[in-house]
Number of protein chains: 2
Amino acid sequence: MTDRARRIPEATVARLPVYLRSLAELHDDKIATVSSERLAEMAGVNAAKVRKDLSYLGSYGTRGVGYDVEYLSFQMSRELGLTHDWPVVIVGAGNLGQALANYGGFRQRGFPVAALVDASREKVGGYIHGVPVHHMDDLPELAADLGIAIGIIATPASAAQEVADALAAAGIRSILNFAPTVIAVPEGTSLRKVDLALELQVLSFYQEHRDTEGV
Amino acid sequence: MTDRARRIPEATVARLPVYLRSLAELHDDKIATVSSERLAEMAGVNAAKVRKDLSYLGSYGTRGVGYDVEYLSFQMSRELGLTHDWPVVIVGAGNLGQALANYGGFRQRGFPVAALVDASREKVGGYIHGVPVHHMDDLPELAADLGIAIGIIATPASAAQEVADALAAAGIRSILNFAPTVIAVPEGTSLRKVDLALELQVLSFYQEHRDTEGV
DNA sequence: CGGGCTTTGTGATCTTGTGCACGAGGGCGG
DNA sequence: CCGCCCTCGTGCACAAGATCACAAAGCCCG
């Protein structure tokens, strides 16, 4: 196996899940092969970009024909690390944490919610939507025992940095932050964020400028 | 007033809300001025980028001193269109839609949820967390009457494109899509997306590659 | 009132990402 | 079995974004 010097660009990584979803749709429709053109349309990008993105995975297409849907799905899943489950822990058992625990899409897509964690002793001990609720202090042990790789921060902004530190200390190196605040993580830890207010404010900007500046 | 030929880059627009949040924090702490260095640290970016970003808004800093927190906040709010409310409509009164309707952050940040809308007649008529539930068919009328500028798609993926079309038809030109699918919108409509599964899969990629390829 | 210190604002440069256009390669029909 | 046609893979040129480095500009202290 040639050690592929190719480092997949960040922008490409962010698009792979979109392609994968399109491929799943094609598979459901019993479609065996797909052209970059078609895939591009489904993913909402242009065809050249699809081909370039896929070429980072390897030469899995057939000229004159297209890509084999099933084979490409497999290769892509492998590259994305989706051939096995990644248990996640949700920190914060408030409204958001509970809603997330209740969301079936996680388990279905290979991210089972192994535990909920909260700082309040009152919430600890029971189950929420079938997920056990533990105390923050037990995080390191939980992470080790349950093989948790990903932490989801669903606390108020004020607690987010503290939680991030605790996750890092528990050896968790992938963090998804829902708290509306910037947090710092150690070198080597991946951080993604979901920020509702930010998205709305960006929309507000363009809305305002549409109104104000014509066009 | 020089008609500013400067078009604010997309990347900058996406950071403005982060700066604004940092400024709000400083204001709460009764801090009157802030340097680009300090602001950069709070926003998790580098100082040169802060200065360049802020320079698109105008020359609001004072050399040797920094930026006046209150004045900069005001200018930034104005630019972002946050000096007035933007009523939003949430489409889809399922789990996600209800959870979003219940989220107080919207109103607080100037995005009051004016209505929930659903395709199912059963859900129509009542109130959820104080928000009236209407039928999809009434969308155009609602949008006009309530001055709704932003639509939030909180339906299953299968309905998302249809909803986007309906929002467009109702004259709504800013859309935030929570459904895990790619949707097309007319030219001139802003679209942002929040995609949990995608974020997790990206984390999965980096997690997998950390494990596999050392580093 | 002048010199030095601080911090902004921005030109220049480098990196990353996008899109085009075309050669290469493989299937398929005759 | 040959040649045509289709679609991939990729080199190249361009656009967008990040970072650096420094001159310009204002405040403060003596």
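The sequence lines fix the lettering, A, B, ..., with proteins before strands; numbering per chain opens at 1. Here the structure is a predicted model, which means the values were calculated and not measured. Below, each value reflects all heavy atoms present in this structure, side chains not excepted, and no hydrogens, waters or symmetry copies.
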Query raised in the report: Can you tell me how far C1' of C:dT7 sits from CG of B:Leu72, to the nearest Å?
Result: 15 Å
**Report entry** Protein-nucleotide distance (A:Leu39, atom CG; D:dT7, atom P), rounded to Å
**Finding:** 14 Å
Query raised in the report: Could you walk me through whether B:Val18 and A:Asp195 pass the side-chain contact (heavy atoms from CB on, under 4.5 Å) check?
Result: CA-CA 10 Å; B:Val18 180; A:Asp195 190 330; 5.9 Å; no
Report summary line: Looking only at heavy atoms, the pair that brings A:Thr155 and A:Gly92 closest together is CG2-CA, 3.9 Å
**Report entry** Nearest-Å distance for atom pair OH/C1', residues A:Tyr67 and D:dC6
**Finding:** 13 Å
Report summary line: Between CG of B:Asp68 and P of D:dG26 the distance, given in whole Å, is 16 Å
Report summary line: For nucleotides 17-24 of chain C, 5' to 3', base contacts (B), sugar-phosphate-only contacts (S) and non-contacts (-) with protein non-hydrogen atoms under 4.0 Å give SSBBB-BB
Query raised in the report: Would you call A:Met42 and B:Val182 a side-chain contact if the rule is heavy atoms closer than 4.5 Å?
Result: no
Report summary line: Terminal axes of the helix from C:dC1-D:dG30 to C:dG30-D:dC1 (5 end pairs apiece), angle rounded to 10 degrees, sit apart by 0°
Requested in this report: Considering just the side-chain nitrogens and oxygens of B:Tyr60, establish if one lies under 4.0 Å of OP1 or OP2 belonging to C:dT7.
Outcome: no
Query raised in the report: Is any side-chain N or O of B:Thr62 closer than 4.0 Å to OP1 or OP2 of D:dG26?
Result: no
Requested in this report: Run through B:Tyr19, B:Phe74, B:Tyr71 and flag the one making a ring-ring contact (aromatic ring centres under 6.0 Å, His included) with B:Tyr60.
Outcome: B:Tyr71
Query raised in the report: B:Thr12 side chain to B:Asp53 main-chain N or O, any donor-acceptor pair under 3.5 Å?
Result: no
Requested in this report: Round to the nearest Å and state the distance from A:Gln75 atom CD to D:dC8 atom P.
Outcome: 17 Å
Query raised in the report: Can you tell me if B:Asp165 and B:Gln161 form a side-chain donor-acceptor pair at under 3.5 Å?
Result: yes
Query raised in the report: Ignoring hydrogens and geometry, is there a side-chain-to-backbone donor-acceptor pair from A:Arg210 to B:Gly188 under 3.5 Å?
Result: yes
Query raised in the report: Can you check the A:Leu54 CG to D:dT10 P distance for me, whole Å?
Result: 12 Å
Query raised in the report: Is A:Ser77 reaching over with its side chain to a backbone N or O of A:Thr83, donor-acceptor style, under 3.5 angstrom?
Result: no
Query raised in the report: Given C:dT7, is OP1 or OP2 found less than 4.0 Å from the side-chain N or O atoms of B:Ser36?
Result: no
Query raised in the report: So, does B:His209 use its side chain to make a donor-acceptor pair with the main chain of A:Glu79 at under 3.5 Å?
Result: yes
